[in-house]
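Remember, predicted model here, so these are calculated numbers, not experimental data.
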Amino acid sequence: MKKFYKENRVFVILMGIALVCIAIIIWMFVGYIIDSSTSNKYGNRLDGIKDVEIKDEKITEMETSILEMEKVQDVKINLHGKLLNFNISFEKDTTIDDAHNVSISCLEFFEEDYLNFYDLQFLVTIEDGKTVEEGEDPADLIIIGYRKAGATTITWSNNAKK
């Protein structure tokens, strides 16, 4: 063994360094895998959600209030983390401005703390009233609006027929 070391001293030292480097890389990789599997899928984005939690009763109350608004046919509200999705369907004679106004009035359901925490997304559908044959796409007008937490306005899509 001494003879091998004396003849191949540089090779042995380089192999030792390589083995140490490989061990460090494996240790870091295993640590990363274990850490990512035990952490929350939302990371720390939901810190403080308990202070401004939206209960199912509040969602039901909002759906009922929106359904009572003029020209609204159907509404569904879904909560995913800190993203609140409003899916609102309107009658065929609804204008884009009417749909925008109903969506903007949804902001009145929330206090300032909630508006500063939650992102709001609006999927507005205005039906064209035509019957759709099998295999055809409906010609409904679909508008998407998004309001980032803390923003003052809702940003709307292009408002074009699909």
Side-chain angles (χ1 to χ4, degrees), residues 23-162:
I24 290 172
I25 291 171
I26 290 172
W27 176 72
M28 290 174 62
F29 182 73
V30 168
Y32 175 76
I33 297 297
I34 290 173
D35 183 49
S36 66
S37 66
T38 59
S39 64
N40 186 350
K41 75 175 184 176
Y42 291 109
N44 64 354
R45 291 176 286 176
L46 297 183
D47 290 349
I49 197 167
K50 295 290 183 196
D51 300 333
V52 288
E53 188 173 5
I54 297 177
K55 306 276 186 199
D56 290 337
E57 298 84 33
K58 175 76 172 176
I59 291 175
T60 305
E61 176 187 323
M62 288 188 296
E63 286 177 342
T64 305
S65 297
I66 294 170
L67 273 173
E68 293 172 357
M69 293 181 185
E70 190 176 337
K71 298 183 180 182
V72 175
Q73 277 187 333
D74 189 32
V75 63
K76 296 269 191 252
I77 301 175
N78 300 314
L79 178 63
H80 299 285
K82 64 181 275 183
L83 178 61
L84 195 59
N85 294 314
F86 291 82
N87 296 326
I88 306 172
S89 297
F90 289 91
E91 297 172 355
K92 65 179 178 179
D93 60 342
T94 306
T95 65
I96 292 173
D97 288 335
D98 292 339
H100 284 183
N101 290 336
V102 168
S103 299
I104 291 169
S105 69
C106 293
L107 299 176
E108 296 173 5
F109 294 120
F110 303 102
E111 297 172 9
E112 193 68 29
D113 294 344
Y114 290 84
L115 292 174
N116 287 330
F117 187 81
Y118 287 97
D119 295 334
L120 305 177
Q121 183 170 298
F122 300 90
L123 177 65
V124 175
T125 307
I126 302 174
E127 298 187 14
D128 68 352
K130 298 177 185 173
T131 56
V132 178
E133 301 296 324
E134 190 171 327
E136 291 182 5
D137 288 333
D140 299 343
L141 178 65
I142 297 187
I143 306 167
I144 298 174
Y146 184 78
R147 182 193 174 278
K148 184 179 179 203
T152 56
T153 60
I154 298 172
T155 304
W156 295 99
S157 66
N158 190 11
N159 304 335
K161 291 213 181 246
K162 68 174 192 173

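In this structure, OH on Y114 lies 8.5 Å from CD on E53, to the nearest 0.5 angstrom. Here the OG1-CD1 distance, from T125 to I144, works out to 9.0 Å after rounding to the nearest 0.5 Å. Atom CD1 of I77 and atom CD of E61 lie 10.0 Å apart (nearest 0.5 Å). Here the OG atom belonging to S103 is positioned 9.5 Å from the CG atom belonging to L123, to the nearest 0.5 angstrom. Separating the OH atom in Y146 from the OG1 atom in T153 is a distance of 12.5 Å, to the nearest 0.5 Å. For the atom pair CD1 of I143 and NE2 of H100, the computed distance is 4.5 Å after rounding to the nearest 0.5 Å.
Heavy atoms from other residues, nucleotides or ligands lying under 6.0 Å from CG of D56 number 12 at most.
At a threshold of 4.5 Å between non-hydrogen side-chain atoms, the residues Y118 and D113 do not count as touching. Proximity of W156 to I96: side-chain heavy atoms (C-beta onward) are nowhere separated by under 4.5 Å. Looking at V102 and T94, their side chains never come closer than 4.5 Å, going by heavy atoms from C-beta outward. Proximity of F90 to L141: side-chain heavy atoms (C-beta onward) are nowhere separated by under 4.5 Å. Side-chain atoms of L107 and L120, non-hydrogen and from C-beta on, do get closer than 4.5 Å to each other. No side-chain heavy atom of T155 sits less than 4.5 Å from a side-chain heavy atom of K148. No side-chain heavy atom of V52 sits under 4.5 Å from any side-chain heavy atom of F110. M62 places none of its side-chain heavy atoms less than 4.5 Å from the side chain of V75.
Of all the heavy atoms in I142 and S157, the pair that sits closest is O-OG, 4.3 Å. Nearest heavy atom pair, residue F109 against residue K58, reads O-NZ, 2.8 Å. Closest non-hydrogen pair, L46 versus K82, comes out as CD2-N, 3.7 Å. Closest non-hydrogen pair, F122 versus C106, comes out as CE2-CB, 3.9 Å. I126 approaches A99 most closely through the heavy-atom pair CD1-CB, 4.2 Å. Contact between L67 and Q73 at its shortest, heavy atoms only, is CD2-O, 3.6 Å.
The backbone N or O of T95 sits nowhere less than 3.5 Å from a side-chain atom of K71 that would complete a donor-acceptor pair. The backbone N or O of L83 lies less than 3.5 Å from no partner atom in the side chain of Q121, so there is not a single donor-acceptor pair.
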CA sep, side-chain torsions, deciding dist, call: N87, N78, side-chain contact (heavy atoms from CB on, under 4.5 Å): CA-CA 8 Å; N87 296 326; N78 300 314; 3.8 Å; yes

